[in-house]
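All values below come from the heavy atoms of this structure, side chains included, with hydrogens, waters and symmetry mates left out.
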Amino acid sequence: MFTPARAFSSFAVTDLGAAKTFYGETLGLPVQEYDMGILELTIGSGARVMVYPKDDHEPAVFTILNFDVDDVEAAVDDLNARGVVTKIYDDSEFPTDAKGISRDMGPAIAWFRDPSGNVLAVLKTE
């Protein structure tokens, strides 16, 4: 019988080792590696996200994972200090400040990429 109780999200990467380092060490998420060559990220809410390798991976043209934060500017400063680049879009695409924060298109948001080029974001939803 179908039940949505144990649903989870997943996305592909080109290099599982680089993903494990980025998500586990750079971003500080709990990462579990499984025998089948997949990773499982555990988000603070307890949600799980499966990460799997794909040789012909092409990064999505949309945000695959959003992190809701209390203070976007502080989160961006922290990410930048960890070596994560948050100024990834040309301002003609998405108007952003010098740190890559968009403040005029809804909630404050800043995008960044994982080692496979997947787009992630920090934003304040409330």
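- Side chains of N118 and S116: a donor-acceptor N/O pair is absent below 3.5 angstrom, by distance only.
- When V76, V85, N80, V84 are each tested for a side chain to side chain contact (heavy atoms under 4.5 Å, CB included) with F112, only one passes: V84.
- Across every non-hydrogen atom of K124 and P107, the tightest pair is O-CB, 3.1 Å.
- Around CG of D70, the count of heavy atoms belonging to other residues, nucleotides or ligands within 6.0 Å does not exceed 12.
- Across all their heavy atoms, P59 and G117 have their closest contact at CB-O, 3.3 Å.
- Between W111 and Y89, the ring planes are perpendicular. Angles over 60° get that label, and only those under 30° would be called parallel.
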Stepwise side chain to side chain contact (heavy atoms under 4.5 Å, CB included) test for D77 and K99: CA-CA 8 Å; D77 289 343; K99 293 182 179 185; 2.7 Å; yes

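- In this structure, K87 contributes its side chain and D97 its backbone to a donor-acceptor pair below 3.5 Å.
- Here H57 contributes atom NE2 and T14 contributes atom OG1; the two are 6.0 Å apart, rounded to the nearest 0.5 Å.
- Of all non-hydrogen atoms in T26 and R82, the two that sit nearest each other are O-NH1, 2.7 Å.
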Between T96 and D91, is a side chain to side chain contact (heavy atoms under 4.5 Å, CB included) present by the stated rule, with each step listed? CA-CA 6 Å; T96 60; D91 286 341; 2.7 Å; yes

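- Rounded to the nearest 0.5 Å, atoms CD1 (I43) and CG (L65) are 5.0 Å apart.
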Show the numbers, then the answer: is there a side chain to side chain contact (heavy atoms under 4.5 Å, CB included) between V119 and I64? CA-CA 6 Å; V119 179; I64 64 160; 5.9 Å; no

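- Interatomic distance, I88 CD1 to F94 CZ, rounded to the nearest 0.5 Å: 9.0 Å.
- In this structure, CG on L120 lies 12.0 Å from OG1 on T86, to the nearest 0.5 angstrom.
- When every heavy atom of L79 is checked against every heavy atom of L27, the shortest pair comes out as CD2-CD2, 3.6 Å.
- A pairwise comparison of heavy atoms in E73 and I101 identifies CA-CD1, 3.8 Å as the closest pair.
- Atoms CG and CG, on L29 and L39 in that order, are 11.0 Å from each other to the nearest 0.5 Å.
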Test L41 against F11 for side chain to side chain contact (heavy atoms under 4.5 Å, CB included), laying out the working first. CA-CA 11 Å; L41 312 177; F11 61 88; 4.3 Å; yes

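- Using a distance-only test at 3.5 Å, with no hydrogens or angles considered, no donor-acceptor pair links the side chain of S102 to the main chain of I109.
- In terms of heavy atoms, F22 sits closest to R113 at CZ-O, 3.8 Å.
- Residues Q32 and T42 have side chains not in contact (no heavy-atom distance under 4.5 Å, counting atoms from C-beta outward).
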